[in-house]
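Here the structure is laid out as structure tokens; the discussion comes afterwards.
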Amino acid sequence: MLRIEALGKTYRTGDRALDGISLTVAPGEVVGLIGPSGAGKSTLIRCINRLVEPSAGEILLGGEAITAVATRHLPAVRRRIGMIFQEYALVERLTVMENVLSGRLGYVPFWRSFLRRFPQRDIDAAFALLDRVGLAAHVDKRADALSGGQRQRVGIARALAQEPELLLVDEPTASLDPKTSQQIMQLICEICAERALPAIVNIHDVALAQRFVSRIVGLHGGRVVYDGTPDGLSTTV
Ligand code: ADP
Ligand code: ADP
């Protein structure tokens with residue numbers, strides 16, 4: 001469960017990117033975050049994974065405030081948050097299985113054969129995730145041999161391998177064709193429901209969001225201007 005209370009962010013430049021955002025995301029709930037460029041979507045995501053330090057307010061993950069944690073504890077906070085990226089952020093020279101296990105490790109290893117570091121149960125768990133995202137037949141392929149849709153499936157499995165309490169998803173379909181985009185959004189929403197994972201998906205394709213997510217939050221000028229069902233969304237946001 002994620003709770004955000006009166007979150008504010010003013011950059012050093014004076015740009016007020018977030019202005020009193022309050023939001024609760026329940027287990028299994030997928031929030032589609034929409035809004036025009038400059039609305040504050042990226043800043044909100046970055047405050048939650050603490051790439052950016054908020055100026056005001058509180059972020060609670062599983063009831064624990066993560067807003068004020070010391071820098072040395074940030075890696076531990078980030079391990080609790082699964083990230084899925086627009087450009088997948090895979091390591092091209094590693095296999096699908098290695099990419100997924102690097103999610104469990106929390107960093108990208110540079111030595112070869114790092115798979116040996118993992119107990120069989122971790123490899124079995126990674127295989128189960130890859131099976132769930134439809135890549136059981138591709139575990140030993142290098143990432144650079146995959147299609148865009150397959151890469152994003154690896155990205156999803158890698159995020160899940162760290163057993164996160166929250167998924168943050170940044171424009172997951174921006175590099176994919178429409179049909180693949182639908183499959184990826186459907187997969188993310190199904191998996192969150194199955195695992196009771198809360199998620200925030202930053203998505204500029206409003207129609208795609210409306211079709212798959214359970215709730216839409218619209219930002220404008222750093223404020224929440226819509227929070228409700230996909231059906232209730234007018235075209236003004
Ligand atoms: P979105 O993701 O919705 O496009 P952003 O969070 O990127 O919105 O931006 C919100 C506001 O904050 C904009 O006015 C933008 O110019 C400003 N902003 C974003 N990042 C920075 C930064 N690193 N330094 C200063 N201003 C920033
Ligand atoms: P942009 O959307 O402008 O490309 P990102 O939001 O992807 O920027 O973040 C910048 C970098 O920070 C990315 O390369 C990503 O790998 C890294 N990053 C973001 N969130 C996390 C996280 N929770 N843990 C580790 N690295 C992260």
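All ligand and atom numbering here is 1-based and tracks the order in the structure. Both backbone and side-chain heavy atoms feed into the values below; hydrogens, waters and symmetry mates do not. Since we're looking at a predicted model, the values are computed, not measured.
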Nearest-contact summary for atom 25 (C) of ligand 1 - protein heavy atom, Å: Thr13 OG1, 3.2 Å
Does the Arg78 side chain pair with the main chain of Met83, one donor and one acceptor, at a distance under 3.5 Å? no
Nearest non-hydrogen protein atom to atom 16 (O) of ligand 1, with distance, is Asp15 OD2, 3.9 Å
Are Glu190 and Arg132 close enough for a salt bridge, meaning some N to O gap below 4.0 Å? yes
Judged on heavy-atom distance to atom 13 (C) of ligand 1, which of Gly38, Gly221, Gly222 sits nearest? Gly38
Which atom names give the shortest non-hydrogen contact between Ile184 and Arg153, and what distance separates them? CD1-CG, 3.9 Å
Looking at Arg93 and Glu98, is any side-chain nitrogen of the basic one under 4.0 Å from a carboxylate oxygen of the acidic one? no
Give the residue, atom name and distance (to 0.1 Å) of the protein heavy atom nearest atom 12 (O) of ligand 1. Ala17 CB, 3.3 Å
Considering heavy atoms of the protein only, find what lies nearest to atom 8 (O) of ligand 1 and give residue, atom and distance to 0.1 Å. Gly40 N, 3.0 Å
Spell out, as yes or no, whether a donor-acceptor pair under 3.5 Å connects the side chain of Arg80 to the backbone of Leu61. yes
Could you identify the single nearest non-hydrogen protein atom to atom 7 (O) of ligand 1 and state the distance to 0.1 Å? Ser42 CB, 3.8 Å
Protein contact to atom 18 (N) of ligand 1 [nearest heavy atom, distance to 0.1 Å]: Tyr11 CE1, 3.3 Å
Distance-only side-chain donor-acceptor flag, Glu29 / Ser214, under 3.5 Å: no
Begin with the C-alpha distance, continue with both residues' side-chain angles, and end with the deciding distance and a verdict on side-chain hydrogen bond (donor to acceptor under 3.5 Å, both in side chains) for Thr43 and Tyr11. CA-CA 10 Å; Thr43 301; Tyr11 285 103; 2.8 Å; yes
Check: Arg211 side chain, Met185 main-chain N or O, donor-acceptor pair, under 3.5 Å: no
Relative to the heavy atoms of Ala39, which atoms of ligand 1 are at a distance of less than 4.0 Å? 1 (P), 3 (O), 8 (O)
Under 4.0 angstrom from ligand 1, any heavy atom of Ser37? yes
Thr43 versus ligand 1: do any nitrogen or oxygen atoms come within less than 3.5 Å of each other? yes
Atoms of ligand 1 close to Pro36 [distance to a heavy atom under 4.0 angstrom, numbered from 1]: 3 (O)
